Amino acid sequence: MSFRLFEEKDHASLYQQYRLTPANELKELILQYLDKKKGPPHELVVDLGCGTGQNTRLLAPYFQKVVGIDVSESQVEEAKTVPGFTNITYRAGPAEELPFPDGSVDLLTAASAAHWFDAEPFLKEAARILKPRGCMALFGYADNFTLHYGSCGDRLSNIYEEMKKVLLPYTSSKVAVSNSKLRDLYEAIPFPDKERIEVIPVKEEVTVNNIVGLLKTYSTFQAYHRADPQAAATLIESTMARFLQEMGVSSTETKLEIRLEYFCVLACKPQ
Ligand SMILES: C[S@@+](CC[C@H](N)C(=O)[O-])C[C@H]1O[C@@H](n2cnc3c(N)ncnc32)[C@H](O)[C@@H]1O
């Protein structure tokens with residue numbers, strides 16, 4: 001069963017604006033893994049649960065062909081609006097039924113998405129379409145990020161924690177799979193050559209607007225918004241106001257540091 005929590009057009013447009021592009025550290029780790037395990041040629045990468053294409057676009061310079069796939073038509077339509085990437089195509093469809101011949105894909109990625117997939121059929125499809133020595137990289141970041149700005153970082157992180165508490169009742173059971181850093185999915189991968197890196201620390205500079213926008217993309221926030229649009233709007237307004245007040249600034253374009261912990265499952269199909 002596909003979890004259809006990312007379908008609305010407004011949600012897709014928030015994704016385009018606010019989702020974080022995966023950190024350079026992740027991209028390097030994945031490309032180095034592919035080079036070590038399989039090497040060239042880099043013909044085809046498939047990015048599953050591509051959303052509005054942040055990870056898909058990042059991979060474009062390194063492969064002849066890039067295909068982004070997402071079960072949500074709105075996400076795919078939004079991804080297609082970004083110009084300038086002639087080797088990328090996007091398709092709507094589920095990760096559990098992939099439109100590629102056997103043994104045709106060099107690399108399969110999923111950024112903050114694999115926890116939504118139905119593990120058994122997804123892994124069966126992954127094993128079918130990967131080339132011998134083809135690789136899989138499933139990654140995401142923990143929701144325990146911290147915020148840093150002068151001496152008020154702890155208070156900013158606390159505001160974020162308080163917001164998370166409000167959203168907790170709206171958490172899908174699938175979010176637990178991400179919170180476990182894909183432990184069970186990793187165990188279920190039918191390749192002996194695999195590894196799971198639990199913490200890849202990353203620092204990034206973002207604006208207050210980016211942080212609040214990112215929170216709006218969360219499936220938990222979207223569920224809260226569906227249940228009570230007024231309360232959800234108030235939560236966003238008050239979170240923004242509290243961030244600005246703690247920082248002692250008025251511009252939502254003020255930059256602060258976000259410290260994230262990525263996790264990554266890497267696996268290589270046998271020869
Ligand atoms: C949290 S978003 C991540 C999007 C993007 N990769 C990113 O990093 O911003 C998860 C995405 O997975 C998609 N998704 C969920 N279940 C799926 C499935 N079974 N097959 C394909 N895509 C799926 C959703 O529609 C959504 O766009």
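Ligands are counted one by one from 1 in listed order, and the atoms in each one are counted from 1 as well. The structure displayed is predicted, hence computed values, not measured ones.
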Q. Does the N or O separation between E96 and ligand 1 drop below 3.5 Å for any pair?
A. yes
(Q) Tell me the nearest of S72, A95, A12, G68 to atom 20 (N) of ligand 1, using heavy-atom distances. (A) A95
(Q) Quick check on contacts: which atoms of ligand 1 are under 4.0 angstrom from a heavy atom of G93? (A) 21 (C)
Q: Under 4.0 Å from a heavy atom of P94: give me the atoms of ligand 1 that qualify, with their elements.
A: 20 (N)
Q.
Is the distance from the ring center of F63 to that of H42 below 6.0 Å?
A. yes
(Q) If we only consider heavy atoms of F122, is any one of them less than 4.0 Å away from an atom in ligand 1? (A) no
Q) Any idea which part of C50 is under 4.0 Å from ligand 1, heavy-atom wise: side chain, backbone, both or neither? A) backbone
(Q) I'd like to know if K124 and E96 make a salt bridge, using a cut-off of under 4.0 Å between side-chain N and carboxylate O. (A) no
Q: Could you pull out, from G51, A113, G49, the option with a heavy atom nearest to atom 6 (N) of ligand 1?
A: G49
Q) Counting both backbone and side chain atoms, is some N or O of D70 under 3.5 Å from an N or O of ligand 1? A) yes
Q.
I need the full list of salt bridge (Lys or Arg N to Asp or Glu O under 4.0 Å) pairs touching residues 261-271, with sequence neighbours left out, sorted by first then second residue.
A. none
Q.
Angle between ring planes, F145 versus Y160, binned at 30° and 60°: parallel, tilted or perpendicular?
A. parallel
**Q.** Nitrogen or oxygen of Y15 less than 3.5 angstrom from that of ligand 1
**A.** no
Q | Numbered atoms of ligand 1 (with element) below 4.0 Å of S112, judged on heavy atoms | A | 1 (C), 2 (S), 3 (C), 10 (C)
Q: Go through the steps to decide whether Q222 and T220 satisfy the test side chain to side chain donor-acceptor pair (under 3.5 Å), and finish with yes or no.
A: CA-CA 5 Å; Q222 289 295 318; T220 45; over 6 Å; no
**Q.** Candidate list E162, E161, E246, test salt bridge (charged side-chain N to carboxylate O under 4.0 Å, His left out), partner R155, passing option
**A.** E246
Q | Enumerated ligand 1 atoms positioned under 4.0 Å from heavy atoms of Q75 | A | 27 (O)
Q) For atom 8 (O) of ligand 1, which candidate among G140, A111, A92 holds the nearest heavy atom? A) A111
**Q.** Within-cut-off N or O pair, F117 and ligand 1, under 3.5 Å
**A.** no
Q | All ring pair (Phe, Tyr, Trp, His ring centres under 6.0 Å) counterparts of Y90, not counting sequence neighbours | A | none
Q. Mind checking whether D106 and K38 have side chains closer than 4.5 Å, heavy atoms only?
A. yes
Q) Just how far is it from atom CG of L59 to atom NZ of K65, taken to the nearest 0.5 Å? A) 15.0 Å
